[in-house]
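See structure below.
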Protein chains: 2
Amino acid sequence: MSGDMSKTKDRKDSDFNDAIELMFFAYRDFIADPDVILEAHDFGRAHHRVLHFVAGNPGISIADLLDILRVTKQSLARVLRDLIDGDYVEQRIGANDRRKRLLHLTPKGIALHGKLIAPQEKRFNEVLTALGPQVFEQWKKTMRLVINSEDRENVDELIKRSRAARTKNET
Amino acid sequence: MSGDMSKTKDRKDSDFNDAIELMFFAYRDFIADPDVILEAHDFGRAHHRVLHFVAGNPGISIADLLDILRVTKQSLARVLRDLIDGDYVEQRIGANDRRKRLLHLTPKGIALHGKLIAPQEKRFNEVLTALGPQVFEQWKKTMRLVINSEDRENVDELIKRSRAARTKNET
DNA sequence: AATTTATGTCAATAACACTGACCCTTTTCG
DNA sequence: CGAAAAGGGTCAGTGTTATTGACATAAATT
């Protein structure tokens with residue numbers, strides 16, 4: 001028997017609820033495709049992340065990788081051990097600083113990384129086709145603003161480096 | 001070198017790499033805020049998810065909740081035990097089917113849920129302010145297309161129900 | 001020479017999810 | 001009505017992934 005309808009309904013709340021829900025489900029499906037491939041290799045998401053950031057930052061040091069991933073050294077060590085033993089990642093001793101172990105993907109690592117991101121690229125390609133490049137560009141701007149303001153420039157840098165790495169890869 | 005380096009460099013690849021990177025970092029920061037609050041209550045993300053979907057689907061049954069969360073009964077049980085013992089969630093025996101335990105948030109649960117989503121709402125509110133409602137709406141459309149096509153309507157339903165629950169909550 | 005940096009590694013712990021097995025209560029159906 | 005099915009609860013064991021803490025080694029720095 002309620003029926004008391006207040007005219008002053010705050011409509012913005014529900015809009016944000018939409019957004020929260022969409023973040024949850026979109027990310028879940030987005031990450032689900034690689035999971036299937038990873039399982040076949042007895043790898044997990046941690047392996048994926050390492051592959052991804054080593055691919056985008058060839059020659060990255062352990063310390064810098066830890067900084068990006070924000071995990072402990074011990075967590076990374078286990079994952080990295082798998083990837084090195086499986087010949088997906090290679091360590092090269094730094095030329096300037098011989099303490100550093102600079103990480104690179106092997107051809108095998110590059111191939112796996114390609115397989116992992118393929119379904120995600122396909123997903124975004126479908127979005128691009130359906131909504132057009134302008135909407136897609138604005139989606140990126142929006143996502144960038146969802147990132148903590150103090151981290152946005154770092155992400156810009158990462159993306160830039162990743163693009164450079166891919167371009168150089170053509171040699 | 002795959003032969004021809006024509007002027008038509010495949011630019012779309014790097015665009016999708018942007019997108020993948022943005023998904024990763026945006027989601028990470030998006031989820032980081034609630035984590036801090038949850039820790040203070042000795043809760044984890046699993047507790048958050050239960051609070052969220054019970055909030056959006058008052059009176060949901062255990063089976064239906066399991067279906068949304070896609071976890072096992074045993075996994076849910078542990079989390080639900082914490083929430084019920086802590087007086088955040090309440091079980092009511094179904095009126096029609098007395099086997100069912102229908103879940104509702106207590107006032108305490110509603111309060112905690114509010115605190116958890118507040119920073120996320122704030123984040124999106126900043127986006128809305130910076131880019132305007134039109135871009136934000138298109139962001140939502142884009143995110144919806146990132147979701148598996150077979151799940152989109154389910155998500156639509158969830159969002160609709162959640163909005164209805166919030167509206168009815170005014171009694 | 002002493003210290004710091006970059007990395008590796010052993011050990012213990014915790015969070016979280018899983019499988020499997022079994023139980024009780026209530027509803028459904030022959 | 002009585003048996004089977006549905007909804008839910010719980011105990012036990014396992015596995016993955018991440019954590020903290022403590023130490024060890026090699027190379028660079030001061």
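Bear in mind that the values here come from a model prediction, so they are computed numbers and not experimental data. Sequence lines set the chain letters: A, B, ... in the order given, protein chains first and strands last, and positions in each chain run from 1.
Straight-line distance from the CZ atom of B/R45 to the C1' atom of D/dA18: 12 Å, rounded to whole Å. Rounded to whole Å, the distance from NE2 on B/H48 to P on C/dA17 is 14 Å. What separates CG of A/D85 from C1' of C/dT9 is a distance of 14 Å, to the nearest Å. Distance CG (B/L102) to P (C/dT26): 14 Å, rounded to an integer number of Å. The separation between A/L76 atom CG and D/dT17 atom P is 14 Å, rounded to whole Å. Spacing between atom CD1 of A/I84 and atom C1' of C/dT9 amounts to 14 Å, rounded to whole angstrom units. To the nearest angstrom, C1' of C/dT27 lies 12 Å from CG of B/N96. Atom pair B/L66:CG and D/dA6:P shows a separation of 16 Å (rounding to whole Å applied).
Judged by atom type and distance alone, A/R99 does not reach the base of D/dA26 through any side-chain donor-acceptor pair under 3.5 Å.
Aromatic ring orientation, A/H41 versus A/Y88: perpendicular (interplanar angle above 60°, classes split at 30° and 60°). The aromatic rings of B/W139 and B/F136 sit parallel to each other, their planes meeting at less than 30°, with 60° as the upper class boundary.
Along DNA chain C, the nucleotide nearest to B/K73 and the one nearest to A/D97 differ in position, and the one closer to the 5' end is contacted by A/D97. With the nearest nucleotide of DNA chain D identified for both A/F43 and A/G94, A/F43 has the one nearer the 5' end. Both A/K100 and B/R78 sit near DNA chain C, but only A/K100 has its closest nucleotide nearer the 5' end.
Between A/T72 and D/dA18 there is no side-chain polar atom (N or O) within less than 4.0 angstrom of OP1 or OP2. Phosphate proximity of C/dA17 to B/R49: present, with a side-chain N or O under 4.0 Å from OP1 or OP2. Taking 4.0 angstrom as the limit, B/R81 places none of its side-chain polar atoms (N or O) nearer than this to OP1 or OP2 of D/dG9.
Which of C/dC10, C/dG8, D/dT10 sits closest to the side chain of B/A77 comes down to D/dT10. Of the candidates D/dG9, D/dT19, C/dA17, the closest approach to any side-chain atom of A/S75 belongs to D/dT19. Listed nucleotides: C/dT26, D/dA28, C/dA6. Nearest to the side chain of A/R98: D/dA28. In the set D/dG9, D/dA12, C/dC10, D/dA12 carries the atom at the smallest distance from any side-chain atom of B/Q74.
Residue A/Q91 is classed as a sugar-phosphate contact, given heavy-atom separations below 4.0 Å to backbone atoms only. Nucleic acid contact class of A/D42 (heavy atoms, under 4.0 Å, all strands): none.
Clustering ILVMFWY residues whenever any of their side-chain heavy atoms sit less than 4.5 angstrom apart, transitively, puts B/L102 in a cluster other than the one holding B/L80.
Using a cut-off of 4.0 Å between Lys/Arg side-chain N and Asp/Glu carboxylate O, B/R70 and B/D151 are scored as salt-bridged. Salt-bridge annotation for B/D18 and A/K140: present, with a side-chain N of the basic residue lying under 4.0 Å from a carboxylate O of the acidic one.
Within the model, atoms CZ of A/R144 and CD of A/E153 stand 7.0 Å from one another, a figure rounded to the nearest 0.5 Å.
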